[in-house]
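What follows is a short report on a single structure.
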Amino acid sequence: MRPSYFIFVLFAIFQMISCNGQSPKSDLSSLILFSSLGVQSTSSLEDQFESVKLTTFYRKDGNLEFQDILIEYKLKKTKEDSETIEAFIGSPNEISYNTQTNQISGYSQHKEDNFQINSVSFTYYDYTRRFKLYLTVKKEGKIVSIREASTTPPNPPAVPPNSITLPQISYENNRSIIGGTEYQVIRVKFPQGTDLSAYKKLDAYIGRPNIITMAADNFNVINYISATSYNDSLNYFMFLTPELNASYKIIVVGSTTDAKGNRSIDTTPPPPPPSPCAGSVNAPTTIGNCSTHCLTVGLVGNQMDFTAKTTIGTSTEEYLYLDADSSTPSGGTGPTSFSWKEFFSPIAAGEYQTDNRTFDVTTYNQQCIVITSYFVKDGPGGFGDSYIAGKVNVP
C-alpha cells in the first residue's frame, strides 16, 4: 500500500467517526489497533511434517531421577541439503515463537538432528517438569515449517518389594593386555546351571568397598563407578579396570515381575605376573656342565663377560658347532653380538669355546640378561646337540 493512499484512507475513517458524533479520542485505541493489523506481516509457513510423535520416559540413576524426552518425526518430502531439523524446548511460560520475526526465544535447550535419524531427544533432571517445545524445519537458517507440542511428565515405575534371594555369586579376575593397555579383568558369575529365566533385570555395579552402597529402596545402587548387564551368552558380568592393584565391591541387583533382591561380593586384585627375571643368578656363575656344554659368566668391575664352552674327549669327531648369544628378558636384542664357531675333521680332543663377549653393565637398562648357547657334535658315534639358557642378574 502506498503511503499517500494509506493516509487518505485513515483520514476518511477519522471523518466517518467524527460525522457519527463519536469522539475521535475515545476510539483512538481502535484506530491504532486497526492500523496495526493493516501493516502486520503474517508468516505463511508450510507444514512439512507428516507426523510428530512425542514420548517421555522415566529414568533413575542412583538417587537421581530423570525424564528423557523423545521427539520422532516424519517429513512429507525428502529434506533438502540446505534444510535442517531443529528442536527447541523450554518452560511453557517462557518459550515462544514470534511470527513477525520468525524467531524462537526463551528456550532452555536446542538440538539439531545432525545424524538424520528422524528424532531428537532431550534429558532433564526433574522428571515432574512440563515443557513446551517447537520442532522446526530451517532452510538456510530461516524457519520454513514449525510444529508446537507440550510434554506430559512420565510416571515412575513401581519398585517391586525386596523379597527374593539372588543365587550366590563368585568372581575371578586376571590381568590382560587389551589394545596395548593392561587391565584388571573381573568376571562375576552365578553357579553353573542356575536358572535365571524368571529375572527381568540383572545388573551389576562396581565401586570402592567403603563408598558404593544400596539406596534406601534396596533396588538402586549409589556411588558406584560403573555398571553392566548380565551377558546371557557368556554367562557372567564383566568389568575392565586399569587399576591393576585395586580391590572393589560388586553389587548384583535382580528383579522378577513382582520382586527384587541383591547380592554383593568383595574382590582382591589378581597377583602380579612373575618377574621376567625370576630364577636369575648372580655373576660369576656357570650355566650347564663344562665337561660337555656350558656357559661361563664373569664380572669384573662394570664389565660382564660370557663364553660358551665344550670339552671333547676323543679325536674321532668330524664336526663341531658352538655358539653364544644374549637377549633381554622380554626377548629383545641383547647388549652383545652373536658369537659362533665351527670345527671340522681332524678335531683333536680338548676344550673348545666361542669368542668372549663383554658389555658394560652401566649402559644396560634391564634387570637381568638372558644368555643362550647351542652345541652340535657329529662323528662315528652319531649326531648329538645341546641347548642351554640361563638368566643372570645385572647389577
Side-chain angles (χ1 to χ4, degrees), residues 1 32-159 200-201 203 219-220 222 226-229 255:
M1 184 181 294
I32 293 173
L33 175 61
F34 186 91
S35 63
S36 174
L37 290 172
V39 297
Q40 181 178 353
S41 175
T42 58
S43 299
S44 56
L45 302 181
E46 176 187 1
D47 185 10
Q48 297 188 19
F49 294 102
E50 178 181 321
S51 65
V52 175
K53 180 183 178 183
L54 179 63
T55 312
T56 56
F57 301 91
Y58 173 86
R59 177 167 55 88
K60 188 169 184 179
D61 188 351
N63 283 335
L64 300 178
E65 297 175 289
F66 299 86
Q67 64 169 305
D68 296 322
I69 303 168
L70 177 64
I71 309 164
E72 300 172 283
Y73 67 88
K74 290 183 180 180
L75 297 176
K76 295 179 180 178
K77 60 181 182 180
T78 303
K79 185 179 73 66
E80 299 178 8
D81 291 340
S82 60
E83 293 178 332
T84 59
I85 310 299
E86 301 179 32
F88 302 78
I89 191 170
S91 298
N93 59 342
E94 294 179 0
I95 188 172
S96 63
Y97 170 65
N98 190 316
T99 58
Q100 291 182 312
T101 62
N102 195 26
Q103 296 291 324
I104 297 173
S105 60
Y107 57 87
S108 57
Q109 294 185 60
H110 161 238
K111 282 188 178 179
E112 179 183 341
D113 183 9
N114 289 313
F115 300 104
Q116 301 183 26
I117 56 176
N118 289 75
S119 67
V120 182
S121 62
F122 295 94
T123 294
Y124 196 72
Y125 62 89
D126 182 356
Y127 77 94
T128 65
R129 283 284 300 273
R130 296 177 180 272
F131 295 94
K132 180 194 287 187
L133 60 90
Y134 292 101
L135 184 64
T136 67
V137 179
K138 283 188 174 182
K139 186 172 184 178
E140 297 176 351
K142 180 182 178 182
I143 297 175
V144 295
S145 184
I146 189 168
R147 280 283 187 98
E148 177 183 335
S150 296
T151 69
T152 300
N155 294 318
V159 177
K200 306 301 180 184
K201 178 182 174 69
D203 296 319
F219 187 65
N220 289 282
I222 57 178
S226 64
T228 186
S229 296
S255 63

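Remember, predicted model here, so these are calculated numbers, not experimental data. Counting from 1, the numbers follow the sequence of the chain as shown.
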If I compare all heavy atoms of [X] with all of [Y], which pair ends up nearest, and what's the gap?
X      : Y      : value
Tyr127 : Pro156 : CE1-CD, 3.6 Å
Pro92  : Arg130 : CD-O, 3.5 Å
Ser121 : Leu70  : CB-CD1, 4.3 Å
Leu54  : Ser150 : CD2-O, 3.4 Å
Thr136 : Ile104 : CG2-CD1, 3.8 Å
Ile146 : Ile143 : CB-CG2, 4.2 Å

Backbone N/O of [Y] and side chain of [X]: donor-acceptor pair under 3.5 Å:
X      : Y      : value
Gln48  : Lys76  : no
Asp113 : Val120 : no
Thr84  : Gly141 : no
Thr56  : Thr152 : yes

Exercise. Taking the side chain as every heavy atom from C-beta outward, state whether Leu75 and Ile85 have any pair of such atoms under 4.5 Å apart.
Key: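 With C-beta onward as the side chain, the pair touches.
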Atom pair [atom1] ([X]) and [atom2] ([Y]), whose distance is rounded to the nearest 0.5 Å:
X      : Y      : atom1 : atom2 : answer
Leu135 : Ile71  : CG    : CD1   : 6.0 Å
Asn102 : Leu45  : CG    : CG    : 6.0 Å
Arg147 : Leu133 : CZ    : CG    : 12.0 Å
Ser82  : Lys139 : OG    : NZ    : 5.0 Å
Ser96  : Glu148 : OG    : CD    : 10.0 Å
Asn118 : Lys53  : CG    : NZ    : 13.5 Å

Practice problem: Return the set of residues passing salt bridge (charged side-chain N to carboxylate O under 4.0 Å, His left out) with Arg59 (not counting sequence neighbours), or none when no residue passes. | Solution: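 Arg59 satisfies salt bridge (charged side-chain N to carboxylate O under 4.0 Å, His left out) with Asp68 only.
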Quiz item: Who pairs with Lys138 by salt bridge (charged side-chain N to carboxylate O under 4.0 Å, His left out), at least two apart in sequence or on another chain?
Solution: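 Partners of Lys138 under the salt bridge (charged side-chain N to carboxylate O under 4.0 Å, His left out) test: Glu86.
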Quiz item: Under 6.0 Å from the NZ atom of Lys200, do we count more than 12 heavy atoms belonging to anything else shown?
Solution: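 No - once you tally the heavy atoms of other residues, nucleotides and ligands closer than 6.0 Å, there are 12 at most.
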Quiz item: Is the number of heavy atoms from other residues, nucleotides or ligands under 6.0 Å of Lys111 NZ greater than 12?
Solution: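 Yes - once you tally the heavy atoms of other residues, nucleotides and ligands closer than 6.0 Å, there are more than 12.
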Quiz item: Going by the ring pair (Phe, Tyr, Trp, His ring centres under 6.0 Å) test, which pairs reach into residues 67-93, not counting sequence neighbours?
Solution: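 Pairs touching residues 67-93 that pass the test: Phe88-Tyr107, Phe88-His110.
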Self-check item: Evaluation steps, side-chain hydrogen bond (donor to acceptor under 3.5 Å, both in side chains), between Ser91 and Arg129
Solution: CA-CA 9 Å; Ser91 298; Arg129 283 284 300 273; 2.8 Å; yes
Quiz item: So, Tyr124 versus Phe131, ring centres under 6.0 angstrom or not?
Solution: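 Yes, ring centres under 6.0 Å apart.
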